[in-house]
Number of protein chains: 2
Amino acid sequence: MESEEARPRRRQARGERRMSEILDAAAAVFAEQGYEKTTTNAIAAAAGISPGSLYQFFRSKEAVAQALADRFTAQMRDAHGEAFAPADLAARDLDDLIDRVVDPLVAFNVANPGFKALFARPDMPPGLATAAGPIQSALLGRVEAILTVRAPRLSSSERTRSARVLVQIFQAMTPVVVAAAEEEREAEVRELKKVLRGYLAPLDG
Amino acid sequence: MESEEARPRRRQARGERRMSEILDAAAAVFAEQGYEKTTTNAIAAAAGISPGSLYQFFRSKEAVAQALADRFTAQMRDAHGEAFAPADLAARDLDDLIDRVVDPLVAFNVANPGFKALFARPDMPPGLATAAGPIQSALLGRVEAILTVRAPRLSSSERTRSARVLVQIFQAMTPVVVAAAEEEREAEVRELKKVLRGYLAPLDG
DNA sequence: TGAGAATACGAGCAACAACTCGTATTCGCA
DNA sequence: TGCGAATACGAGTTGTTGCTCGTATTCTCA
């Protein structure tokens, strides 16, 4: 069989820039329309180029989404790093812990509204779920690690399940936070934290 | 302008049955493929009829979805009735209250896996969100009513927000419950209840 | 029982989306 | 400065989808 990334074709700086512009445009259109409804022509138009030019850089619509997913994944990894960076995280006060984990993740989602549009929607090719897999696992792993310290009485499977629930809560409420008007956002974040706290408190200590 | 439901055309019993069969098929296909990806021909095939016959009963793909939404709405109304029926709901023990509200709603969603596929997906025509609107408002209203009794100290706007959060939690976790294997489902429901309880407890009393 | 309405069919139409291709322009570099 | 590669174009090809239409069959009821 052939390699997937057979010959990544030599590119000029101009081309790299174009690719980035196309991904910017794609993020915006995907965010607004969803994956299925966005046309490659619409992405090209938003990027200010012709349909043919888009295919100079990406083999297919899915390839565009894939590249965008990769880019988001990298940024998300940074956001996770920041969120889980403090070494003494697990030893902190519960409210403080939640603040320090949630705030950077919320900030990332607010800054990248296209992210959820790509990953949280059920209407995309399975390949993209695959792309989101590693980052999702990493997030779960980090939460589990914290639970291992904060809730030592949980069995391994309970811990896994609880981590999943926590991540699920976060992901369910994030769209509302992102969509909220500037002046409402803080209140929404407070609710999100209340929910996490309410679930975590009984497990804690 | 013409009326939307101009002449609802006289139907034979056979026709009524066909319509119902088409909706059954549509529910199955929508549930599996999502709204955008399901083709009207696929619905017709699943119903064992020709594409033309489908259009004898429904003017468009959206009309099929609309009719299906109406049918779900009616069933959902019943489920809500059951969930919120006991007159002394608001006066019960918190765990008991949660059980009595959550269990029937979960049962409904498990019995109708197509429901979420239609309403919880972001890829459908705005008309359907409209169809879901009344039932959603009713649910929010019921939850608010309970909060009025259980958490009298909340301001009106806080109450509204809290109700929204509760409904949101439920809707976010329901897909996991529905998708879970039979033997895992109870555990998932327990987690759902834990989350609700954790959020409600501080508001209570 | 027979006429008209309802139901059923399925090939095919119009619209649209992903993608191609021949050609023209711009860039990197010797 | 000039040549090959990269970039850019956009009309057109191919395939699919929602939906139509002419026609055939079945049902209802006087």
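Labels below follow one simple rule: chain letters A, B, ... track the order of the sequence lines, proteins then strands, and each chain is numbered from 1.
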May I ask you to verify if any side-chain N or O of A:Y55 is less than 4.0 angstrom from the OP1 or OP2 atom of C:dT20?
no

Choose from C:dG10, D:dT7, C:dA18 the nucleotide whose nearest atom is closest to any side-chain atom of A:R14.
D:dT7

Less than 4.0 Å between a side-chain N and a carboxylate O, is that true for B:E21 and B:R17?
no

Picking from C:dA8, D:dG10, C:dA18, which would you name as closest to the side chain of A:P51?
D:dG10

Please enumerate all residues that pass ring-ring contact (aromatic ring centres under 6.0 Å, His included) together with A:F30, with sequence neighbours excluded.
A:Y35

Can you establish whether the number of heavy atoms outside B:R142 located under 6.0 Å from its atom CZ is more than 12?
yes

Is the shortest heavy-atom distance from the side chain of B:T148 to the side chain of B:L154 under 4.5 Å?
no

Length of the line joining A:R11:CZ and C:dC27:P, which is rounded to integer Å
17 Å

Reckon A:L54 touches a base, only the sugar-phosphate, or nothing at all at heavy-atom distances under 4.0 Å?
nothing

Among C:dA8, D:dC9, C:dC19, the nucleotide that comes nearest once only the side chain of A:T40 is considered
C:dC19

Nucleotide D:dA11, atom P - distance to CD1 of A:I49 in whole Å
16 Å

Select from B:N41 and B:A13 the residue whose nearest nucleotide in DNA chain C is closer to the 5' end of that strand.
B:A13

Determine all donor-acceptor pairs shorter than 3.5 Å in which one atom belongs to a side chain in residues 43-52 of chain B; sequence neighbours excluded.
{"residue": "B:S50", "atom": "OG", "partner": "B:G52", "partner atom": "N", "Å": "3.4"}
{"residue": "B:S50", "atom": "OG", "partner": "B:S53", "partner atom": "N", "Å": "3.3"}
{"residue": "B:S50", "atom": "OG", "partner": "B:S53", "partner atom": "OG", "Å": "3.3"}

Could you tell me the separation between the CD1 atom of B:I43 and the C1' atom of D:dC19, rounded to a whole number of Å?
13 Å

For the side chain of B:T39, starting at C-beta, report the closest nucleotide among C:dC27, D:dC9, D:dG18.
D:dG18

Measure from the side chain of B:K61, starting at C-beta and using heavy atoms only, and say which of C:dG28, D:dG18, D:dC9 lies closest.
D:dG18

Just call it for A:G52: base, sugar-phosphate, or nothing, with non-hydrogen atoms closer than 4.0 Å on any strand.
base

Is the phosphate of D:dC9, meaning OP1 or OP2, less than 4.0 Å from a side-chain N or O of A:S53?
yes

Compare side-chain N and O positions of A:R18 against OP1 and OP2 of D:dT7 and report whether any pair is under 4.0 Å apart.
no

